[in-house]
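Structure first, commentary second.
Quick note: numbers below take in every heavy atom, side chains included, and nothing from hydrogens, waters or symmetry partners. Whatever order the structure lists them in is the order used to number ligands and atoms, beginning at 1.
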Amino acid sequence: MKNGLALKLTIYFLLLFSFFNSKADDGYRLWLKYDRISNQKVLKLYLSQINYWLAEGDSPTINAAKEEIQKGLNGLLGRKIPQTFTIKEGVILLVRSNSDFLKNIDLSKYLSNINNEGYIILSTKLYGKRTIIITAKTDIGILYGTFHFLRLIQTNKQIDNLEVVSSPKIKLRILNHWDNLNRTVERGYAGFSIWDWHRLPDYIDTRYKDYARANASIGINGTVLTNVNANAWVLTYDYLLKVAALANVFRPYGIKVYLTARFSAPIEIGGLKTADPLNEEVRLWWKNKAKEIYHLIPDFGGFLVKANSEGQPGPQNYGRTHADGANMLAEALKPFGGVVMWRAFVYDNNIKEDRAKQAYNEFKPLDGKFLDNVLIQVKNGPIDFQPREPFHPLFGAMPKTPLMMEFQITQEYLGQGTHLVYLAPLFKETLDSDTYSKGEGSTVAKVIDGSLFNYKISGMAGVSNIGTDRNWTGHLFGQANWYAFGRLAWDYNLSSEEIADEWIRMTFSCDKMVIDKIKAIMLKSREDCVNYMTPLGLHHIMGWNHHYGPAPWIKDKHREDWTSVYYHRADSNGIGFDRTKTGSDAVSQYFPKVAEVFSSLEKCPDKYLLWFHHLPWDYKMKSGKTLWEEICYHYYKGVDGVRETIKIWDSLKNKIDSEQFEHVKMLLNIQLKEAIWWRNACVLYFQTFSKRPIPNELEKPDKSLDYYMNLSFPYAPGI
Ligand code: GCW
């Protein structure tokens, strides 16, 4: 009997122990976990500083802030922090800047530095009591401030001396979902679309609110629900009801909904014979459609449009310009305050001009011809979200038209759902690029925040990587890219490292060793990826159509500008795309200072070399190696980088949550396999032109080029 009891107790304790020891984190809670702070010293300190919270007002947004502060504090501090209605020692005070509570303190020097979405957080004394004030001119500012404050606690930062003044630099901070109405997601690698169109508007998935919370926590204030390869059906009345239901969930969190407008919608769902933007009936149709939308969604954001690009209809079908098309929609939205985000991603295989030049050629002459509620949405680089591109030459070239940024968060060309690639360094590289459009310091960031040319509106869009996967983004580290996008849209001066630091602390641990290791992995990951995929300025050599894996051999397709050989131009003499004066002269689209750098072999950074130059295989690089050797070394370095990452990751076993650990570990193994695949396939293929050996000290590919060329992936995700 006794023994039996002892055994039972032992088993019980063992079970209990293993339960606490292998916490399983499935990633659903993103960076808003609010788990109890594990560092006892830090926890104790907070418990001595935070006694109450007080929030004034009861608008839906203030209620969201209340819910968040309550949930956050209770979770993080592991005890119920009560609400109070009067100022008491150790209170967190959430109030508008004109609140009576604040009548005795002078906030003017702070208030003049924030806009309507900004906030102020101060550690101070009110009526003799230690208080932390979170205040703003608006309710949404208070909610943003609340998230900021909770982030400080989540990341274990000091709160006794706070003087935070924060305001977004960019007005429209928007996710672009490439989600179809049948719930597939173009270039989506995290399952299906989170928009459950069939069950909307009656069924409100709890995910919608969690989506809104996550976005608000990083300052995202808009979402385009539908794919730019658009379906007019979403503009029908029944679907607009569904859109309105989503808008209702998002509204308290400061998030507006936008839709993609299919240019031929007047024909497809309106029964008209034409979609000509200068036709009166067509114009009226859009005006009525706008009226109908705003009746259901009074704060509807506006339209995003992909026109005359990759087969999408547009104004050019009727001999009209992009300005004619955009202005027609802008006019319809104008009375209601909506905007048109018109994409500059246009290129045409029938135009015999370097694809990299076409958007500029099309849009530059239209500068000043758009109505003032139109933004032109420009991808970061002139081709298409490659692992590395120089900045798009349109930035700086349209002083009279607000240009907004389009980044891709989903990793279509950077390993899709299985590679750990932290994108903040990529985003920053573009934002920090100097266009020289108004002399030195005319960075892309200053173009798109509107400060350089006094644009009245400004925006930054990120193509979403969100899907129905339990952890939202498929790869846990995909969450970091969503997070980084939002943080940079709010403040592009944050460094990649700061953002990684925050995210790691909220996602994994505040343990210094863990932070240092994961940060090291993240910060080098994009360069590793460039190295094993497209080093030295190579680009667009991925698999046909699904874009999965390497395929530099793609040629002879119905569109030349969708082949790989079009871009790398490898031949027996050398490799690279000559975009200098002797070639396509794309360099001349940049301002002279930049053009000079890109044109010159001495000044052009190695990272853009083959983007702008076609060079012989024996070309002497700055390193002293030949170009061929340098290409090889970069590919090998990329693979070694992933090996190094795996080593670092392995050392985190038992230091982080076991489910997180295993999830990433398995994916890293896939990444290594695929990095080797990229390296071998590319090196072997380019070797058929270079006719030179792979340097001796590098391991030899274990498969033949034929093997790689015969791989096929009819069911690769994302198409
Ligand atoms: O990157 C390419 C993608 C297409 C996408 C297009 C675009 C939505 O391969 O899937 O279409 O860009 O940005 O319009």
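Look at Arg355 and Asp384 and you find a salt bridge, because one of the NZ, NE, NH1 or NH2 atoms lies within 4.0 Å of a carboxylate O, short of that distance.
With hydrogens and angles left out, the side-chain atoms of Thr184 and Asn182 include a donor and acceptor closer than 3.5 Å.
Applying the salt bridge (Lys or Arg N to Asp or Glu O under 4.0 Å) criterion to Asp469, with sequence neighbours excluded, gives no partner residue. With sequence neighbours excluded, the residues that form a salt bridge (Lys or Arg N to Asp or Glu O under 4.0 Å) with Lys607 are Glu429.
Identified under the salt bridge (charged side-chain N to carboxylate O under 4.0 Å, His left out) test for residues 476-489, with sequence neighbours left out: Arg487-Glu502.
Within a 6.0 Å sphere centred on CZ of Phe192, heavy atoms belonging to other residues, nucleotides or ligands number 12 at most.
The residues lining ligand 1, counting any heavy atom closer than 4.0 Å, are Trp178, Glu186, Arg187, Asn227, Val228, Asn229, Lys306, Glu310, Arg343, Phe345, Lys379, Asp384, Glu412, Tyr413, His547.
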